[in-house]
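The structure under discussion appears below in the form of structure tokens.
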Amino acid sequence: MNDYDALRDYLMQHKQAEFVLTYEQIEEIIGAALPRAANRASWWDTQRSPDIQMPQREACLAAGFKAMRMPDGQSVRFTKLKKDGRRPG
């Protein structure tokens with residue numbers, strides 16, 4: 001079990017194709033504080049550097065979601081991937 005399994009499980013239960021969670025909400029879900037690295041957009045970007053495994057990215061992808069840090073720097077947009085791994089629509 002890694003620190004982001006709870007996030008993966010939360011995302012897997014979500015039926016919406018797209019939604020936003022604040023860092024505070026994510027911390028509540030995982031039961032821990034996010035690292036300072038979470039403030040970098042690249043830390044959340046599930047499409048960037050796919051060869052580098054990072055637990056938060058793996059959790060999002062395992063749940064079938066793409067993650068992207070919002071411009072406010074305090075929240076993350078989760079977008080459900082199509083079965084082939086692309087965004088819907």
Side-chain angles (χ1 to χ4, degrees):
M1 181 168 162
N2 76 51
D3 295 342
Y4 298 93
D5 284 351
L7 178 60
R8 179 203 60 213
D9 295 345
Y10 178 88
L11 295 173
M12 289 177 86
Q13 294 175 11
H14 234 280
K15 302 299 181 209
Q16 291 175 293
E18 188 172 282
F19 59 95
V20 174
L21 293 174
T22 65
Y23 283 7
E24 190 173 287
Q25 290 170 312
I26 295 168
E27 290 174 338
E28 192 172 305
I29 291 165
I30 65 172
L34 288 167
R36 276 197 278 188
N39 291 316
R40 293 192 315 261
S42 62
W43 195 81
W44 289 104
D45 188 356
T46 49
Q47 304 301 319
R48 186 168 182 229
S49 304
D51 54 322
I52 300 172
Q53 292 192 353
M54 297 182 72
Q56 75 284 0
R57 291 181 192 172
E58 297 300 314
C60 294
L61 292 171
F65 280 86
K66 172 185 169 187
M68 185 179 81
R69 189 192 68 160
M70 298 296 291
D72 66 8
Q74 296 297 312
S75 58
V76 179
R77 177 178 306 279
F78 295 93
T79 306
K80 190 173 286 269
L81 297 169
K82 287 184 175 182
K83 296 292 183 209
D84 63 6
R86 296 181 315 187
R87 284 184 38 194

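These numbers come from a predicted model, not from an experiment. Because only heavy atoms are used, hydrogens play no part in the values below, and waters and symmetry mates are left out as well, while side chains stay in.
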- [ ] State, to 0.1 Å, how close W43 and A37 come at their nearest heavy-atom pair, and which atoms those are.
- [x] CB-O, 3.2 Å
Open item on the list: To the closest 0.5 Å, what do you measure between OG (S75) and CE (M68)?
Closed with: 9.5 Å
Task: Rounded distance (nearest 0.5 Å) linking atom CD1 of I29 with atom CZ of R8 - done: 13.5 Å
Task: NZ on K66 to CZ on R57, rounded to 0.5 Å - done: 12.5 Å
Task: Flag if over 12 foreign heavy atoms under 6.0 Å of CD, E28 - done: no
- [ ] Count the heavy atoms belonging to other residues, nucleotides or ligands that lie under 6.0 Å from CD of E27, then report whether that count exceeds 12.
- [x] yes
- [ ] Mind checking the CD-CG spacing from Q56 to D3? Nearest 0.5 Å is all I need.
- [x] 10.0 Å
Open item on the list: Less than 6.0 angstrom separating the ring centers of F19 and F65, yes or no?
Closed with: yes
Open item on the list: Keeping R77 on the side-chain end and E18 on the backbone end, is there a donor-acceptor pair under 3.5 Å?
Closed with: no
Task: Check against side chain to side chain contact (heavy atoms under 4.5 Å, CB included), R69 and Y23 - done: CA-CA 10 Å; R69 189 192 68 160; Y23 283 7; 3.2 Å; yes
- [ ] Check the hydrophobic clustering (I, L, V, M, F, W, Y; side-chain heavy atoms under 4.5 Å; chains of links allowed) and say if L21 and M54 are grouped together.
- [x] yes
Open item on the list: Is there a side-chain contact between L34 and N39 in this structure, where contact means two heavy atoms from C-beta onward sitting under 4.5 Å apart?
Closed with: no
Open item on the list: What's the separation between atom CD1 in I26 and atom OH in Y4, rounded to the nearest 0.5 Å?
Closed with: 9.0 Å
TODO: Could you tell me the separation between the CG atom of L7 and the CD atom of E58, rounded to the nearest 0.5 Å?
DONE: 12.5 Å
